[in-house]
Every structure is written in structure tokens, then in C-alpha cells.
Student: 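Got a structure for you, written out below as C-alpha cells; questions coming shortly.
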Amino acid sequence: MGFAGRDVLSILDFSREDLEELFSVADYMEKAVKEKRKLKLLEGYIVALAFLEPSTRTMYSFQSATHRLGGYALVFSSREATSLAKGENYADTIRMLDSYSDLIVIRSRYEGAAKYVADIAENPVINGGDGKHEHPTQTMIDLYTMKRLFGDIDGLTIGVLGDLKYARTIASLLYGLTRYKPKKVYLISPSILRIREEVRDTITRLGLPIEEVSSLRDIIGELDVLYVTRIQKERYPDPMEYERVKHAFKITPEVLKDARPELKILHPLPKIDEIDLRVDNLPYAAYFYQARLGVPLRMALLALVLGVWR
Amino acid sequence: MSGEKGLLVSKIRDGTVIDHISAGKALKVLRILGITGSEGFRVAIVMNADSRKLGRKDIIKLENKYLSKKEVDLIALVAPTATINIIRDYDVVEKYNVSLPEEITGLIKCPNPNCITRKPREVALSRFRLLRKDPVVLECCYCGARVLGEDVEKYLEA
Ligand SMILES: [Zn+2]
């Protein structure tokens, strides 16, 4: 279908062929950055970063990607957005940013905000995370990382662990995996944080081979990839219960004792204490590598959507 | 209009008769149609009438008011068995069943309180697509939240 001029709202809007095209451009971008080549693909372009909810990492990543391509990033962050609190609504802000820029990246705490922004804006819109709904560019990075690590996503056994109900990256990741043929996807979470019904329904309908389990221990030896998300304290009114769950789902060198040597651990970052710091130095830890792929992937996406990639 | 004998409401000369409404749903149907009674035309509601097909049914008669197919399709959300009779000079000149529209805009409030369509001071109209027909499942086009057909009445916009 091609990327030029297209909105990036849900990972489900993209086919496997689209993703493969994106990944090959990301390969090029990564190499160019590594070789310190100055790219001018976005020279004369302005990318508006409407971060109406703070997210330093995602914002810096898009900002860096824009600058690496020679473009200018116009940042409208939650600080500027306090004017919204004084009464200006999203619609008016978006109309303004749309006229000042060539593309809008929107981050919001409201589910569906990206689609709403795309309804209003004439220029392409990229969803930088809308509430607990979707975070498609993070998923692109996650899939790209798996692809780079294993050569192919087909045939992998993948464990997804943590807050599967509310973590914004999870629904998108599972939707994204439906574009491939993993051997199995284990959903590992406490029972109250299982995936939302609509997500389960969609991925089952699309044929993703999932199995919900409540402990990592029994299946750790099968995994090629373990994708970890944080379990938030707010989900547990009882602090004792939270401590118990946190402990039960923490990734430690001891838990990894039975892991396959090929296992790679991914995490969308920032992480706090869901992964033991001692794990950072083990060969399993791939989350820093994953984070490094964020900028080249987003460079590729910007260049494709703005139609400057030839 | 068989099976009408014994009802307290007389036939109408011109207008719309919504028949075979599941018993007890007539008021919900009026709500979906946005009919409050202050429009001026006469409205007759019969609830829990005998029906050969349904056992009990509700009937609504709207005098001198003709509903379009598009308007009445929304009725299918709460009363999928309803039939519409357009009456002119005591005769049924048109008769059709209701069928669910593929997309419904601005009628149902998204059940997700954090959906952009629920954010104050925005102009995002709620929009649902028909995901499944039997049983009815609607999906918010913005946030992906779902509404089951049986719950629709809880989420009708005020
Ligand atoms: Zn919604």
C-alpha cells in the first residue's frame, strides 16, 4: 500500500510487506547514523511533536530522528499544553500545529486521541501512544528488534509478561505479532492483569497462537523472547498484595537459570525494578539494543510517511 | 395489522406503525428515535400486547409522521424484530424490517470514560462500527472499546 501520506494510528493498519519495507529502510538509517553520514532527507520539513502527555523517551526519540534527517522538530509538550488546561481544546491546538508543520506526532492519555487528531489534521499523523490503546511505533521497534536478533519472527516462542491489561505497548505488540507466524505466544500475568477481552478476541480471530499462564517458571525454558512490562502499583489497592505480585513477576538471574542460552529479554523502557539490575549484564538483556533501534526505525518511518524516501 | 382486535388504540389514518417490538422496549425505541412527545404529532404506545410471533410485543403508532429507513434502522439495536409499516389513508403502503447499520454516529456514548469521545470540550462525535450481528457487538472507532447489543440502552447519549 505504501507509506507516503499515510496516518500511522494502529499497527493493524500495516501488512507484513509494509513492515518489511520499513525495516529495510531502518537498516539503511542505522548504518548511516553509525557511519556519521549527514542525511538531508527532511531538509525543509517541520515535524510537530504534540506530546500532550509527558513521555520524555518517545519525544526525544522522534526529535532525534527528525534532526538526524535534517528536519526541524517543533515541540509542543505537556508544558505548553498547560494552556489547554486553561480551556483550549485538542481540536484548536491540532489545527494550529497542522498549519505550522508537515506531520504531527501525537501522544495523549486519551484512548483514540490519535484517530481524532487524524480526523482534524490534513497532514499525516503518527500515534505516539494514545492512553492504553496503542503505541504502534514502539511495536515497530519491538518487531524490528526481534527481526534483527533472530533474522525472522516466524517460528519464535515469545513470552509477554507483566501488566497485559493496561500497558500501552502490549495490545499493539500482540496485534503486530499477528502479521507474523510465531510458534507460540505465552501471555504471562497475574489474573487481574490479563489482556482485555477485545484484544484477546482480535488476536484469536487473527490466528495468533496464544496461551495464558500465571507463572514464568514453567515455560521459561521454551522462550526465545521474553517481553517484560512493568506492573504498576496503582493496580493493587492492597500494598501487601502488590509486593507479593511484584516479587513473583520480577526477572532475576535465578529465574533465568532455566532459560535457553538464546533467550533475549526486551522491555519498552523505562524500567524500574521489574528487572533485577544484575540481569542488565547478562547476554539475555536486549533492551538497550532495542532502545538503540528506536531512532533509526523512527527515521525510516518519518522518511517513508513524508514521501521523501526513494 | 392482524391481531389488533382488543387493543385500546384505534388505527391511524396516516403515519408510521412500528410493530413487533420486543415487549417492554417501546420507550427505548422512542428514545433511540429521539421522540419525546413534544414534537406535536400524536404518539400511541401499546405495551405487552398479545403477539402470535413473540408472545408479547410492544407497538408504537406515530400519526402523520413518516420515518425513513435510515432513522428506523437504529431501532434494531434494541428491537431487532421490529417491523415498520408506513400507513397512508388506512392502508399499509410500505412495510420493512429493521436492519442494523454498519456504522452508528453520535447515538451511543463510549463506555470507556478515558475515550477521546468522552473528553470534555472536544467535538469528537462517538462512532461505532458493527463488529458482529448475532449477538450484536459494536466497536468504538476511536478507542476500540466494545458495547454488546443488550447493553446499548445503558449507553444511549442523553
Ligand atoms: Zn471509545
Side-chain angles (χ1 to χ4, degrees), chain A residues 7 9-13 50 52-53 81 83-95 106-121 125 127 129-136 165-166 168 170-172 174-175 195-206 234, chain B residues 32 34 70-71 73-74 76-78 80 99-158:
Chain A
D7 296 320
L9 305 181
S10 165
I11 195 75
L12 284 172
D13 299 337
L52 307 179
E53 171 194 63
S83 72
L84 295 182
K86 295 196 190 93
E88 184 174 314
N89 64 1
Y90 273 28
D92 292 357
T93 307
I94 294 307
R95 274 184 210 103
I106 169 80
R107 166 80 160 215
S108 162
R109 67 182 188 83
Y110 291 96
E111 284 98 48
K115 178 165 171 47
Y116 176 54
V117 165
D119 288 348
I120 296 166
V125 170
N127 185 358
D130 59 338
K132 62 181 191 304
H133 185 223
E134 280 211 51
H135 195 0
K165 189 167 186 179
Y166 302 103
R168 70 170 83 224
I170 292 297
S172 279
L174 295 172
Y175 293 157
I195 49 169
R196 299 192 295 278
E197 189 49 46
E198 79 248 22
V199 178
R200 182 183 297 110
D201 181 69
T202 303
I203 59 178
T204 324
R205 190 160 40 86
L206 294 171
E234 306 89 88
Chain B
I32 283 193
K70 196 164 178 289
E71 279 176 285
D73 270 349
L74 293 171
L77 286 170
V78 293
S99 61
L100 274 172
E102 290 300 315
E103 210 169 90
I104 297 160
T105 304
L107 182 75
I108 301 161
K109 191 163 82 175
C110 182
N112 170 13
N114 203 44
C115 176
I116 188 73
T117 61
R118 299 269 306 260
K119 183 177 179 290
R121 296 189 32 77
E122 297 295 339
V123 289
L125 275 179
S126 77
R127 190 139 59 89
F128 283 82
R129 74 172 76 90
L130 183 63
L131 198 67
R132 266 197 274 288
K133 273 192 169 140
D134 192 23
V136 171
V137 182
L138 303 170
E139 184 183 57
C140 174
C141 295
Y142 289 90
C143 77
R146 292 180 180 188
V147 177
L148 302 178
E150 59 196 84
D151 295 334
V152 154
E153 20 193 286
K154 276 192 267 178
Y155 299 112
L156 289 178
E157 296 267 20

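Keep in mind that the numbers below use all heavy atoms, side chains included, and drop hydrogens, waters and symmetry copies. Here is how names work: the chains are called A, B, and so on, in the same order as the sequence lines, proteins then strands, and each is numbered from 1.
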Student: Between B/Tyr142 and A/His133, what is the shortest heavy-atom contact and its length?
Tutor: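 Shortest heavy-atom separation between B/Tyr142 and A/His133 comes out as O-CE1, 3.2 Å.
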Student: Tell me, side chain or backbone of B/Asn114 under 4.5 Å from chain A's heavy atoms, or both, or neither?
Tutor: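 Its backbone and side chain both get close to chain A.
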Student: Please flag which part of A/Arg109 lies under 4.5 Å from any non-hydrogen atom of chain B: side chain, backbone, both or neither.
Tutor: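 Contact with chain B: backbone and side chain both.
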Student: Identify which part of A/Asp119 has an atom lying under 4.5 Å from any heavy atom of chain B, answering side chain, backbone, both or neither.
Tutor: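 Contact with chain B involves the side chain of A/Asp119 alone.
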Student: For A/Tyr90 and B/Val123, run side chain to side chain contact (heavy atoms under 4.5 Å, CB included): C-alpha distance rounded to whole Å, both residues' side-chain angles, the deciding distance at 0.1 Å, then the answer.
Tutor: CA-CA 9 Å; A/Tyr90 273 28; B/Val123 289; over 6 Å; no
Student: Could you check which of A/Ala91, A/Ser108, A/Ser10 has the highest count of heavy-atom pairs closer than 4.5 Å to chain B?
Tutor: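 The answer is A/Ala91.
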Student: Which residue out of A/Asp201, A/Ile120, A/Thr202 racks up the most heavy-atom pairs below 4.5 Å with chain B?
Tutor: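 Maximum pair count with chain B is reached by A/Asp201.
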Student: Taking all atoms of both residues into account, what is the closest heavy-atom pair of A/Tyr110 and B/Cys115, and its distance?
Tutor: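 Result for this residue pair: CD2-O, 4.2 Å.
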Student: Where on B/Arg127 is there a heavy atom nearer than 4.5 Å to chain A: the side chain, the backbone, both, or neither?
Tutor: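 Side chain only.
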Student: So which residue, B/Arg118, B/Glu122, B/Arg146, ends up with the most heavy-atom pairs under 4.5 Å with chain A?
Tutor: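 If we count pairs closer than 4.5 Å to chain A, B/Glu122 comes out on top.
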Student: Take atom NZ of B/Lys109 as the centre, draw a 6.0 Å sphere, and report whether it contains more than 12 heavy atoms from other residues, nucleotides or ligands.
Tutor: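 Check fails, neighbour count at 12 or below.
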Student: At a heavy-atom separation under 4.5 Å, does B/Cys141 approach chain A through its side chain, its backbone, both, or neither?
Tutor: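 Contact with chain A: backbone and side chain both.
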Student: Heavy atoms only: give me the nearest B/Arg121-A/Asn89 pair and the separation to one decimal.
Tutor: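 Looks like O-ND2, 2.8 Å.
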Student: Nearest heavy-atom pair of A/Glu111 and B/Cys143: which atoms, and what distance?
Tutor: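 Smallest interatomic distance, heavy atoms only, reads CB-CB, 3.5 Å.
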